[in-house]
Amino acid sequence: MDKLAAKGRIEELRRILAENSRLYYVENSPVMSDMEFDFLMHELEDLESRWPEFDSEDSPTHRVGSDLDGNGASKGFVQRPHRYPMLSLSNTYSIEEVEAFAQRAEKLLEGRNFSYCCELKFDGVAICLVYRQGKLFRALTRGDGKMGDDVTRNAVKISNIPQELTGSFPEEFEIRGEVLMPYSSFDKLNSQRLLDEEAPFANPRNAASGSLKLIDSSQVEGRGLYCTLYHIPAQSIGEDFAHSHSELLDKAASWGLPVSEHRKICRNKEEILEYINYWDKARKSLPYPTDGCVIKINELDCQRELGYTAKSPRWAVAYKFKAEQALSKVLSIDYQVGRTGAVTPVANLEPVLLAGTTVKRATLNNADQMALLDIRIGDSVKVEKGGEIIPKITGVELSLRPADSKAPEFPQFCPDCGTPLVKSEGEAKWFCPNASGCPMQIKGRLLHFTSRKAMNILAGEQTVEQLYNLGFASCPADLYSLTISQLLQLEGWKQKSAKRFLDSLAESLGVPFERVLFALGIRYVGEQTAKELAAHFGSIDAIMQASLEELAAVKDVGDAIAGSVYSYMHSPAELEQMERLRKAGLKMATEGEKTMLSNALEGLTIVVSGNFSISRESLKELISRHGGKNASSVSSKTSFLLAGSKSGPEKLNKCHELGIRIVSEDEFWAMIPGGRQPLGESVLEPTLF
Ligand code: IVH
């Protein structure tokens, strides 16, 4: 096929695939079998890899249209099967188990001349790269080990992943490894997120995983990710291609691939232990996070002999390092009041470097823990970092205690509102009972409501602080009636920031019920419990009507959670709050039972194109909640094209051709009851945008 013919076929395939995926996912009336569809998709992938100049980010091979979200795709990525399952490693924290692994191998491979390849265990997110004809063809995350998210468009933005290999490489092969976020990139990213009032990532691993799954690939480059590759499944390259794992990695390095640094061939368990001991210390000066060492039988025929369990290879074991510790000095202790009123003591420390980042604060959890540690101001303390953002203090170096130090007294009154603290039986924490009046609790609840895992509204600590201090918001429902003139009173806010905030508020109407339930901030109801409750009851009304027994019957819901949910659902103040949120348009039921706003658009098939005063996603959500049907392309069945600025010329032309009406944003608002409802006219004043 020549270049021109390839271009024509690529365009044709994209058209056919787009139309058929719309028929399948949106119209629920496929006309093509899955096999035919997959076959055409493969043909397109093949053509795009052979003529990368015709490849495009919006090709169906790279992205799933928004209409496909929730129908098999995971957050904007196509899921694809792994050719060979992507397995895990058996982990241990015990040197004895590493020795036992070596002994077992020696016994099973008795008489064989074999060695161990010892490597670092990189702490990032696993990735599988497929190279075809020397070009990066595909990048998949591990997913569930059988299917992974196709993150090719993001992987190409990682600077040390070569898009083209050099030397004489096999026609096609897979190589697996880890995408890491070096500490320097992590610090830079989190500082920026704090400035932008976005929640910082808890650790470089989460940041790497979040960055690899960014929907907007153009942001990936700036995240400073780094890749290291450590495994070529022998089946993918031919069993006879190399004799050992290290030889495979050496070959991969010669093709320009970034392979597992600092690996070493060890002959016996003594050498393995030497490697582990060396890296337990030396890893602290590496620029990226590692959490252990991996010991692999190096010879491929020996690996084959040992084989695999369902989860991991029998020819490898991961030894995980214990959490890193550092010594620092307690400068002072703050008592923080959380959104539930719980008071947490937090120690301010002399800055100390720990696991690649500077630690200045560490949690002391509660009064009992403080007493148990017998901690005092001026004490030298051992600090450890787990997965959390705030490290913890695990011990006091009593030999370094100043002679005149005194045990700190846990406050009896709320450090914020002065209300006497209470402690119920069985609780480890002291609580401020002034839920409705304590500013820290109110701001904490707002912040929780807006957080990424809840409603994902662009409001961080500073915004919440200002909204509260100016008297504009003291509960989540207040956010939905904020006016543009109020927002413009916030320090440093201009129309652009106000619009961004309003867009995110509008988008939050599309947040599924389970996250709304989590966002309410009911005590003990975390993400998982919210999911269980939402799946079990299906709607807020059903939860409101549930008895204590019915609540406690839900999976993972014990008496304490049931009691907390029950009293929340019977509190007049919370009921009023939930009604206001319902009126604002938040989802109060699982999909399928979603809260309809009207049937004003019933029977209409609408195509949305261009830019509007709110996001396209929010508009589509409104269309469906007013009874309309969204479609992605204009056809004779389209009722009208809702056209914003920069509306696609192809769509406009098609409308002219077929005589289909074109509706402006203002005309659209006039079609639905209440106009710019449900967010309220005050929020979206047309003159401002
Ligand atoms: S080899 C067939 N080598 O750790 C298994 N994995 O906790 C191939 N990991 O699933 C994996 N560093 O994501 C291997 N040097 C290394 C590694 C490594 C980190 C990851 C990998 C694995 C996980 C297990």
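Counting starts at 1 for both ligands and their atoms, in listed order. Values below: every heavy atom of this structure, side chains too, minus hydrogens, waters and symmetry copies.
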Where on K121 is there a heavy atom closer than 4.0 Å to ligand 1, on the side chain, on the backbone, on both, or on neither? both
So, for H448 and F518, is the gap between ring centers shorter than 6.0 Å? yes
For S88, atoms of ligand 1 separated by under 4.0 Å from a heavy atom: 10 (O), 24 (C)
For S115 and E299, test the side chains for any donor-to-acceptor distance below 3.5 angstrom and give the result as yes or no. yes
Within the 4.0 Å heavy-atom cut-off, what E178 brings close to ligand 1 is side chain
Please work out whether the ring planes of Y288 and Y226 are parallel, tilted or perpendicular, with thresholds of 30° and 60°. parallel
Distance (rounded to the nearest 0.5 Å) between K320 NZ and D291 CG: 4.5 Å
N or O pair under 3.5 Å between E119 and ligand 1: yes
How far is atom 18 (C) of ligand 1 from the closest protein heavy atom, and which atom is that? Y230 CZ, 3.3 Å
How close does the nearest protein non-hydrogen atom get to atom 10 (O) of ligand 1, and which residue and atom is it? R142 NH1, 3.0 Å
Does ligand 1 have a heavy atom under 4.0 Å from the side chain of D123, from its backbone, from both, or from neither? neither
Measuring from non-hydrogen atoms of D291 to any atom of ligand 1, is the shortest distance under 4.0 Å? no
List every atom of ligand 1 that sits less than 4.0 Å from any heavy atom of L87, numbering the atoms from 1 in the order shown and giving each element. 10 (O)
For A126, the ligand 1 atoms with a heavy-atom partner under 4.0 Å come out as 13 (O)
Should the ring pair Y319 and F321 be called parallel, tilted or perpendicular, given that the plane angle runs from 0 to 90° and is split at 30 and 60? perpendicular
To the nearest 0.5 Å, tell me how far L248 CG sits from N298 CG. 9.0 Å
Let me confirm one number: the CG-NZ distance from L353 to K284, rounded to the nearest 0.5 Å. 10.5 Å
Identity and distance of the protein heavy atom lying nearest atom 12 (N) of ligand 1: F122 N, 3.0 Å
Using heavy atoms and a threshold below 4.0 Å, how should the contact between L89 and ligand 1 be classified: side chain, backbone, both, or neither? both
Determine whether the side chain, the backbone, both or neither of P313 has a heavy atom under 4.0 Å from any heavy atom of ligand 1. side chain
Exactly one candidate in F241, W255, F137 meets ring pair (Phe, Tyr, Trp, His ring centres under 6.0 Å) with F173; the answer is W255
Does any donor atom in the side chain of S236 or E174 lie under 3.5 Å from an acceptor atom in the other side chain? no
among protein heavy atoms, the one nearest atom 3 (N) of ligand 1 is K296 NZ, 2.9 Å
